[in-house]
Amino acid sequence: MRIGSTAFLASAIALAVAAPAHSQTLAEAIAEAYRTNPTIEGSRYDLDAADEGLPQAKSQLRPSAEIDVTGTSERSIEGRASRRSNPFSPESSNRDTNRAEFTVSQPLYTGGRATAARDSAIAAIRSSREQLRGAEGDLVLAVITAYVDVRRYEQSLRIWRASTDELTKITQEIQDRYDVGDLTLTDVSQARAQLAIAKQQIVTAEQALEAARTDYAVLVGREPGELAEVPALPNLPRRVEDAFALAERQNPELGRAVFTEEQSRADIAAARAQGSPTVTLRGSAALNGDAVPYRLRDQDQSYTGSLVLSIPLSAGGLVASRVREAQARNGSARVRIEATRREVDRAVANAWNQMVTADRVSSLQEEQLRFAETQLDGMVNEYRIGDRSTFDVLYAQQQLRDAQVSLLASDRDRYIAQATVLREAGMLEIRAIMSGVQLHDPAKNLRRVENRNSVPWEALLAGLDRAGKPSAKVRLRKQPPTTGRTPRIAPISSGARDTPRLSRSLPRASADPATGKP
């Protein structure tokens, strides 16, 4: 038996990267996850729930009606004094009465409370939409990662199996030459050690492949079949400055922080409006009379119309406290915008640097792979004429397979880094990177529920209420003044310090059964 060249390994690698004629594409996997993934579907329901905040806010300027029906049964028993004053009256009597009242209330002016609630609801809906965008971007990134990982470990497994087959042939030839006295036991041991390492790598690659397949199934909803080659990702920024600019405009986390601040600002106005006068138009119609026997013509009828002006005078400081609370929450939301912006910039920079690094590493590893193939061919030819040792051949074979596996890992890292750049820039969306997919319309449910139970005069009342909406004055916290001195770390205490030792016990103390305290 002769030691073969790299032709076998080269054919194995070609088989590893070749895509089947009818294989599942990355676009199909993303579309399936977008349609069926339960996590993203739950986020859509969360947005539907947020949409209901708008009609609830609008209801504050819509009429409300109610019917109150009261039935009363009364039994009277006369005492001695009543009997003496009227001895011919019955000792006891029963009377059953009923009252039915229909009331309609139409708020005319809420002091801007309804307007502030509407503004808060709109900002909350926009914030929830950004949250849904972020969840969709995370899902697409997770699907891409799982898809690429499955392909990577499948190809790695093929490489290690091909390497194991080749090492098996080399080991058998070395064993044959050892049997005839051409080589030593050391040569045999070297070959068998390399074969054992390759078999271990097969086991490791199989475990990693199954983990990636599980991730894929959880995200997409079915096991991966034969997966096609990944396509180039569209809309990738050309410069890191472009990525930062896109993230400033489109990153969902940053957008959510901005809309959260808008919501908290509207809450300040809503809190201040609780101390404003309100005007309500009320009307009622009532029937009152005997229930037994019940005759409609015998019922007393009453009709009432009223215009109610309510002016809050004092709430024990409740309104002022709620205003301060809303201002504090707004201050927190404002500084969180900057905190989120910094986190987004950090994420964009890291993802961009990972992409650039992976691209450079991949280029170098492609060059390393070419050299490793040439090296192995030369080692095999020189080994046949006795110019190279067994160790040289085994080392060259190891260098080649390591270069092949490392190149797969670098290509994977580069692709994931590209997808991460798009995610942080707010561009990893179905509508931006794909076509032929039925998109979820986040505004469809809002259009369906927004104007339910509306009345023709609602717009007029909304305009009047908006004119009286209190200003949402924010509160700025004063920063502590600088001391004018150079900041320094406090000096360490003087005196010798014991050499630190490992802690081998905890400072436990018996607890009082009644209080639980030591």
Side-chain angles (χ1 to χ4, degrees), residues 26-27 29-30 33-34 37 39-40 43 47 123 126-149 152 215 219 230-264 332-365 408-435 437 439-440 442:
L26 176 59
I30 294 175
Y34 180 77
N37 185 268
T39 300
I40 201 66
S43 297
L47 177 57
R126 291 174 176 173
S127 176
S128 296
R129 288 182 181 178
E130 293 300 308
Q131 184 176 10
L132 177 59
R133 285 186 60 231
E136 290 179 351
D138 290 339
L139 175 64
V140 174
L141 180 59
V143 171
I144 290 175
T145 301
Y147 188 99
V148 173
D149 280 343
R152 169 199 175 184
D215 292 341
L219 294 167
V230 294
L233 293 174
N235 303 324
L236 196 65
R238 293 182 175 272
R239 304 177 304 160
V240 68
E241 292 81 8
D242 298 334
F244 285 131
L246 285 171
E248 180 70 24
R249 296 194 305 269
Q250 300 182 186
N251 179 271
E253 283 73 32
L254 186 55
R256 184 184 180 190
V258 170
F259 290 127
T260 299
E261 190 277 333
E262 290 184 6
Q263 180 184 359
S264 67
S332 173
R334 279 187 286 108
V335 297
R336 289 185 187 278
I337 293 176
E338 179 60 25
T340 303
R341 179 179 288 108
R342 295 182 183 185
E343 287 297 319
V344 169
D345 289 344
R346 180 185 64 84
V348 169
N350 288 343
W352 184 272
N353 292 339
Q354 290 171 3
M355 179 185 68
V356 173
T357 301
D359 185 65
R360 293 175 180 176
V361 170
S362 293
S363 299
L364 293 173
Q365 287 177 340
L408 289 177
S410 296
D411 288 343
R412 177 263 183 198
D413 293 343
R414 175 176 57 183
Y415 200 80
I416 299 302
Q418 291 176 351
T420 305
V421 169
L422 291 175
R423 165 63 181 86
E424 297 301 331
M427 295 292 291
L428 198 64
E429 296 183 298
I430 304 295
R431 59 178 51 84
I433 66 172
M434 293 177 58
S435 60
V437 179
L439 298 176
H440 170 74

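Annotation: the span from L246 atom CG to M427 atom CE amounts to 6.0 Å, rounded to 0.5 Å. Within the model, atoms CG of D411 and CZ of R152 stand 10.5 Å from one another, a figure rounded to the nearest 0.5 Å. Here CG of L219 is found 11.0 Å from CG of D138. Values are rounded to the nearest 0.5 Å. L132 contributes atom CG, which lies 11.5 Å from atom OG of S127 (distance to the nearest 0.5 angstrom). Note that the CD atom of Q131 and the CG atom of L47 stand 9.0 Å from one another [nearest 0.5 Å]. The distance from atom CG of L428 to atom CD of E136, rounded to the nearest 0.5 Å, is 10.5 Å.
The minimum heavy-atom distance linking Q250 with A425 is given by the pair CB-O, 3.5 Å. Closest approach of A33 and I40 over heavy atoms only: O-CG2, 4.3 Å. Annotation for V348 and A243: closest pair CG1-CB, 3.8 Å, computed over non-hydrogen atoms. Here the shortest heavy-atom pairing between I337 and V258 reads CD1-CA, 3.9 Å. Annotation for N235 and A432: closest pair ND2-O, 2.8 Å, computed over non-hydrogen atoms. Taking both residues in full, the closest heavy atoms of P252 and G426 are given as CD-CA, 4.1 Å, listed atom of the first, atom of the second, then distance.
At least one donor-acceptor pair under 3.5 Å links the side chain of T420 to the backbone N or O of I416. Panel note: side chain N251, backbone V344; no donor-acceptor pair is recorded below 3.5 Å. Between the side chain of Y415 and the backbone N or O of P231, at least one donor-acceptor pair lies under 3.5 Å. A donor-acceptor pair under 3.5 Å links the side-chain atoms of Y34 to the main chain of H440, judged by distance alone.
Ionic pairing of E253 and R423 is present here: one or more N-O contacts between side-chain nitrogen and carboxylate oxygen are shorter than 4.0 angstrom. For R133 and E130, the salt-bridge test passes: some basic side-chain N is under 4.0 Å from an acidic carboxylate O. Note on E338 versus R341: salt bridge recorded, some NZ/NE/NH1/NH2 to OD/OE distance being below 4.0 Å.
In this structure, R336 and T260 have side chains that are not in contact, with every pair of non-hydrogen atoms separated by 4.5 Å or more. Using a 4.5 Å heavy-atom threshold, the side chains of R412 and D149 count as touching. Using a 4.5 Å heavy-atom threshold, the side chains of T39 and L139 count as separate.
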Please report the C-alpha distance between I433 and V140 in whole Å, then the side-chain angles of each, then the deciding distance to 0.1 Å, and finally whether the side-chain contact (heavy atoms from CB on, under 4.5 Å) criterion is met.
CA-CA 10 Å; I433 66 172; V140 174; 4.0 Å; yes
Audit row: E424, W352, side-chain contact (heavy atoms from CB on, under 4.5 Å) steps and yes/no:
CA-CA 10 Å; E424 297 301 331; W352 184 272; over 6 Å; no
Only distances under 3.5 Å count here; give the side-chain donor-acceptor pairs of residues 353-361 to other protein atoms, sequence neighbours excluded, each with its distance to 0.1 Å.
from: N353; atom 1: ND2; to: A349; atom 2: O; distance (Å): 3.2
from: T357; atom 1: OG1; to: N353; atom 2: O; distance (Å): 2.8
from: D359; atom 1: OD1; to: R414; atom 2: NH1; distance (Å): 3.1

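Every residue two or more places apart in sequence or in another chain was checked for a side chain to side chain donor-acceptor pair (under 3.5 Å) with R238, and none qualifies.
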